[in-house]
*Asks:* 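The structure under discussion is supplied below as structure tokens; questions concerning it will follow.
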Number of protein chains: 2
Amino acid sequence: MDLKHAKTFVAVADLGTVSLAALQLRVAQPALSRRIAELEREFGLKLFDRVGRRLVLTGGGEQLLADCRALLTSAEAVAERARALNTGGAGVLKVVGSPQIIEGAVAEFLPRYARRFPAVQVKLSAAIGWSETAAMLERGEIHLGINLMRATLPEDQRFSSVPLAPIDLLAASGPSHDFGSKGSIEIAQLAGHPLLVLETSYVFRRNFDAACRLAGISPNIVYESRTPHTLLVMAESGHGVAIIPSAMRTKGRPLRLAAITYRGKRLREHSTIYWDRRRSLPAYATAFCRMLGERMRETFPISGPTAELAARKRKGSV
Amino acid sequence: MDLKHAKTFVAVADLGTVSLAALQLRVAQPALSRRIAELEREFGLKLFDRVGRRLVLTGGGEQLLADCRALLTSAEAVAERARALNTGGAGVLKVVGSPQIIEGAVAEFLPRYARRFPAVQVKLSAAIGWSETAAMLERGEIHLGINLMRATLPEDQRFSSVPLAPIDLLAASGPSHDFGSKGSIEIAQLAGHPLLVLETSYVFRRNFDAACRLAGISPNIVYESRTPHTLLVMAESGHGVAIIPSAMRTKGRPLRLAAITYRGKRLREHSTIYWDRRRSLPAYATAFCRMLGERMRETFPISGPTAELAARKRKGSV
DNA sequence: GGAAACCTATGCCGGGTCGGCATAAGGTCT
DNA sequence: AGACCTTATGCCGACCCGGCATAGGTTTCC
């Protein structure tokens, strides 16, 4: 049973004679006659009754005809899909990132991307830490992984990358606190505050620790969490100052924010998107990287000091 | 694109290497490697990235994989259907009969038949007169046609047939009329009644006319119709005596019935089922003929004299 | 680090499949 | 009855397809 046989069967049934079907399929009549005979042999039943010069479907033939039509339709769908993929507009794209990046940047980007590439199916999932993301890339389970650049430096020969957008370290506290109109706070000034920080598995946590050492302060850490959201909730309640990345959504939360600086320079990392060098990236995937980067640079920092956000708002209205 | 290529693609995608797929499909690895290459050439895109010794699906490959699975499922459905047809239990059966036979006998029989042959699709339609039925059989539009035996005698070399059940000619009148306890009426006794008869295109009408001639009476026909139901309605209203076949449903109607006889012998015809000799009849079709005949002989006459029906009812309770 | 095992891709060759041409047999139409 | 149309089958050659052999690359194990 193959598609050629199915096509033959349907053509003969539709046209009523082998000769007409042969004309339509551009094959000699004897070859078609033989195909019908082969099909009948393979199925083990008569598909047609020979009535005069015509072939008339048997009851069994009628049922098989419907099934063969469905088969040919399915084959046409495969061909259609291949054509769509050839125009570069269709495919599957599996992307992994940290929960904050997914929530803070990628989620709102997707409708944008879908408008440009409606036939591309994007599958998002979350991973914590670079080692997990790298393993998934290597195993071919995902096409793209988003992470901070600093985290990957020692092993980046395996991967190609495109930078997305900078992410700052922010101090966040409840509304009763005031960081000043400067929009930033020198790291040394945090010394007297109770601090709510991320676990040391986070790059930002390690950077914060290093900056404290350089600034010669000993941070008063009162709470440590794997979940950045928890830090925000506790800051809101006045338990202390949360140290968080600017990629987090804080809109609508009663928080005061300031960028943390060391010697006037922001503690900053670059988020980056990676893929395995050994794998090809179709046009829609490279477009995904480029477009996501543009969108993030446009909208970042998602969260930042109040003065900066207001200035950006005025700028955006021009 | 053919089913062999689709099978290859799915096997390699599932197993991750050409070698394992070759073992599963019992084909040499080089042949499979070439099939994959051919598919990539045909589709015009890479289905797999070569990662070390493995083949890893591209995004486009993933989408085509789903479509190819659907294709193989559809092909399996064709094979399944052929198997079912080979066990004789599946197919299509197109049957034509007069409206009275369809309504009186076939309709109630179908659930019975469906319980025995659930995968056979029976398509019923009505035709008036033998010439229409014969034409449909000849054109291959239907498999079986039900008609009265007498109507087909001059041309039955073209068709094979099986007898179903006898059908009597009945006299039917309103409740105020009494045919007597005999359950039958000699045709000569109808002479003085106003008669409601079928058109001459009906075999039964022609038989009735012939019997009148033989009996030496001139029937007082006050109404003639193509529609047997109309005769019943008028009989109920007291317009006269309707002359109808016993295959009609009269249950629940306020009617008195008597079998019409000539010289004590019932005016009777045999209903018969026909098919074109040139066409094969599958087992489910021959079973249809046999079972329908049995059922009709069991349930006929559907309508008959009151005394007979009461006797049959008593007999049925034993 | 090197050897062995495993994997993909490609060349070569022969057997089998497939389709065209020719033709016999049967059916339909005028 | 003759002309035309159709199906089925024989014969033959071109080409497709799969197996074996092998080169090159990657991974695993000691």
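In the text below, chain A, chain B and the rest are named by the order of the sequence lines, each starting its count at 1. Here the structure is a predicted model, which is why all the values come from computation and not from measurement.
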*Asks:* Is any NZ, NE, NH1 or NH2 atom of the basic residue among A/Lys46 and A/Glu40 found under 4.0 Å from an Asp or Glu carboxylate oxygen of the other?
*Replies:* no
*Asks:* For A/Lys4 and C/dG19, is the shortest distance between a side-chain N/O and OP1 or OP2 below 4.0 Å?
*Replies:* yes
*Asks:* Minimum heavy-atom separation for A/Glu138 to A/Asp276, with atom names?
*Replies:* CA-OD2, 3.9 Å
*Asks:* In whole angstrom, what separates B/Lys46's NZ from C/dT8's P?
*Replies:*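 One finds 14 Å between P of C/dT8 and NZ of B/Lys46, rounded.
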*Asks:* Can a salt bridge be assigned to the pair B/Arg290 and B/Glu294 using a cut-off of 4.0 Å between side-chain N and carboxylate O?
*Replies:*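 Salt bridge present between B/Arg290 and B/Glu294.
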*Asks:* Measure from CD on A/Glu42 to C1' on C/dT17 and round the result to the nearest Å.
*Replies:*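 For the pair A/Glu42 CD and C/dT17 C1', the rounded distance is 15 Å.
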*Asks:* Taking all non-hydrogen atoms of both residues, which atom of A/Val10 and which atom of A/Arg69 are closest, and how far apart?
*Replies:* CG1-NH1, 3.4 Å
*Asks:* Heavy-atom count around B/Arg83 CZ within 6.0 Å, excluding the residue itself: above 12?
*Replies:*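 For B/Arg83, atom CZ is crowded (more than 12 foreign heavy atoms under 6.0 Å).
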*Asks:* Rounded to whole Å, please give me the gap between NE2 in A/His5 and C1' in C/dG19.
*Replies:*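 Rounding to the nearest Å, NE2 of A/His5 and C1' of C/dG19 are 12 Å apart.
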*Asks:* Rounded to whole angstroms, how far apart are CZ on B/Arg41 and C1' on C/dA9?
*Replies:* 12 Å
*Asks:* What's the CG-P distance between A/Leu23 and C/dG20, to the nearest Å?
*Replies:* 12 Å
*Asks:* B/Asp2 has an atom CG; how far is it from atom C1' of D/dC16, in whole Å?
*Replies:* 12 Å
*Asks:* Using atom CG of B/Leu47 as one end and atom P of C/dA9 as the other, report the distance to the nearest whole Å.
*Replies:*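 For the pair B/Leu47 CG and C/dA9 P, the rounded distance is 12 Å.
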*Asks:* It should be established whether B/Arg26 places a side-chain nitrogen or oxygen under 4.0 Å from OP1 or OP2 of nucleotide D/dG18.
*Replies:* no
*Asks:* Figure out the CG/C1' separation between B/Leu32 and D/dC17, and round it to whole Å.
*Replies:*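 B/Leu32 atom CG is separated from D/dC17 atom C1' by 12 Å.
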*Asks:* What pairs with B/Glu132 under side chain to side chain donor-acceptor pair (under 3.5 Å), at least two apart in sequence or on another chain?
*Replies:*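 Scan of B/Glu132 (side chain to side chain donor-acceptor pair (under 3.5 Å), adjacent residues dropped) gives none.
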*Asks:* For nucleotides 1-11 of chain D, read 5' to 3', which letter fits each nucleotide if B means a protein heavy atom sits under 4.0 Å from the base, S means only the sugar-phosphate is that close, and - means neither?
*Replies:* ----BSBBBBB
